[in-house]
Amino acid sequence: SATSLSAKITVTVTDKAKDVKDKVDALGEITLDSKADIDAAKAAYDALSDKQKVRADNMGVKTSLDAAQDKYDELKEQADKDAADLAAADAVSAKIDAIGAIEDITLDSKTAIDDARAAYEGLTENQKTLVDKDKLKALENAEKKLAELELTKAKEDAKADISSYKNMDDYRDQQKQELADIIADAGEAIDKADDKEAIEEIITSAKDEMDKVKTDAQLTEEEEQAAKAEADKKAAEEVDALIDAVGSLDDITLDSIEA
């Protein structure tokens, strides 16, 4: 009958909406493993007729389903971020490992060390916490070893620079000794220097002192100028003596001509 058919349809609608609600309720606490169940519940909801969806919505199905999807999306976003952070931290650790053992570090290790440091500093604060402390310590030790090697090299270069600054063949023995003393003093100061800035100051100071030491050519020129000045002075004195010998105008006679 018409009445019986109507009642049957009403029961069917109620059962399908309730079935979807049961699927949503069964989701429980949402985790990253809930995706398949959420998708199944959404598919079941989407399959409802408009009237069935109204019935389901009245039971809070849509609200609960949206909340479940939002929670999953939140968890997935955080999980993706965590994975990306860990990958970034692992990449830095790999760069640190590529530096090698501390005893194998040379001046040529600078590129690898600088690359690892730049990669670490490029991490976010959270990503930095994911880098193993032993790895970070290894990087710091590598940087310290490199700095020591660079300082040693800078000292060697500085000494060579000062030693070759002047050509000793251009100087007399006394001036050669003066230069040698300046070079020796500078070398001792360089050995005690703690950083490259101090070394540069020592180099500048030593070169300034060396510039004050005169070459053989400079000394010869000064001696020639002094000799010429002395000769000029002597000649002038001789002229003055001749003039004095002539006497005053009142005393000039024919005999003065000989003078």
Side-chain angles (χ1 to χ4, degrees), residues 20-21 23-46 56-57 60-158 190 192-203:
V20 174
K21 184 177 186 305
K23 287 181 179 295
V24 174
D25 290 342
L27 292 175
E29 181 180 357
I30 303 302
T31 68
L32 290 173
D33 297 327
S34 300
K35 179 173 172 45
D37 292 337
I38 293 174
D39 289 346
K42 288 177 66 177
Y45 177 83
D46 291 340
D57 291 348
V61 171
K62 184 68 163 61
T63 300
S64 298
L65 192 55
D66 288 345
Q69 183 64 57
D70 290 344
K71 180 61 177 180
Y72 174 80
D73 290 343
E74 178 185 337
L75 292 174
K76 183 65 165 60
E77 181 180 358
Q78 185 61 51
D80 290 344
K81 181 180 180 301
D82 290 344
D85 287 346
L86 183 58
D90 287 344
V92 171
S93 295
K95 288 181 179 293
I96 295 175
D97 288 340
I99 294 172
I102 189 71
E103 60 269 17
D104 295 330
I105 291 177
T106 67
L107 290 173
D108 293 332
S109 303
K110 177 175 175 58
T111 299
I113 293 173
D114 289 348
D115 188 30
R117 171 55 68 181
Y120 176 79
E121 294 303 331
L123 297 177
T124 65
E125 290 305 312
N126 182 63
Q127 290 169 344
K128 287 180 179 179
T129 65
L130 300 177
V131 178
D132 188 87
K133 287 184 172 57
D134 289 339
K135 298 286 186 183
L136 186 56
K137 185 64 177 177
L139 174 58
E140 293 170 350
N141 289 337
E143 290 173 326
K144 182 179 179 181
K145 177 66 177 295
L146 178 62
E148 292 172 353
L149 293 174
E150 289 180 332
L151 184 59
T152 297
K153 182 64 165 57
K155 290 181 177 182
E156 293 173 351
D157 291 345
I190 288 172
K192 297 176 182 178
D194 294 324
D195 53 53
K196 294 179 181 178
E197 288 75 14
I199 293 175
E200 288 301 321
E201 291 178 2
I202 295 170
I203 293 175

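Every heavy atom of this structure was used, including side-chain atoms; hydrogens, water molecules and symmetry mates were not. One is the number of the first residue; the rest follow in order along the sequence.
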Legend entry - Salt bridge flag under 4.0 Å for residues D85 and K81: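 Salt bridge: yes.
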
Legend entry - Under-4.0 Å salt bridge between E125 and K128: yes

How far does [atom1] of [X] sit from [atom2] of [Y], to the nearest 0.5 angstrom?
| X | Y | atom1 | atom2 | result |
| --- | --- | --- | --- | --- |
| Y72 | L32 | OH | CG | 6.0 Å |
| I30 | D33 | CD1 | CG | 11.0 Å |
| D90 | K135 | CG | NZ | 9.5 Å |
| K35 | D73 | NZ | CG | 8.5 Å |
| E200 | I202 | CD | CD1 | 9.5 Å |
| S93 | L139 | OG | CG | 10.0 Å |

Do [X] and [Y] come within less than 4.5 Å of each other through their side chains, counting heavy atoms only?
| X | Y | value |
| --- | --- | --- |
| I113 | I105 | yes |
| I199 | L151 | yes |
| E140 | R117 | yes |

Inset, instruction - In sequence, state the C-alpha distance, the side-chain angles, and the governing distance for E150 and K110, and then conclude on side chain to side chain contact (heavy atoms under 4.5 Å, CB included). - result: CA-CA 10 Å; E150 289 180 332; K110 177 175 175 58; 3.5 Å; yes

Legend entry - Neighbour count >12 (heavy atoms, 6.0 Å) for atom CD, E29: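 It does not: E29 CD has 12 such atoms or fewer within range.
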
Inset, instruction - Step through the shown structure and confirm whether more than 12 heavy atoms of other residues, nucleotides or ligands are within 6.0 Å of CG on D194. - result: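 Result for CG/D194: open.
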
Using every non-hydrogen atom in the two residues, find where [X] and [Y] come nearest and quote the distance to one decimal.
| X | Y | value |
| --- | --- | --- |
| I38 | A68 | CD1-O, 3.7 Å |
| A84 | Q127 | O-NE2, 4.5 Å |
| A89 | V131 | CB-CG2, 3.9 Å |
| A142 | I99 | CB-CG2, 4.1 Å |
| A158 | I190 | CB-CD1, 3.7 Å |
| V92 | A116 | CG1-O, 4.4 Å |

Inset, instruction - Keeping the roles fixed (side chain from K62, backbone from D57), state whether a donor-acceptor pair exists under 3.5 Å. - result: no

Legend entry - Check: K155 side chain, A193 main-chain N or O, donor-acceptor pair, under 3.5 Å: yes

Legend entry - Worked check of salt bridge (Lys or Arg N to Asp or Glu O under 4.0 Å) between D46 and K42: CA-CA 6 Å; D46 291 340; K42 288 177 66 177; over 6 Å; no

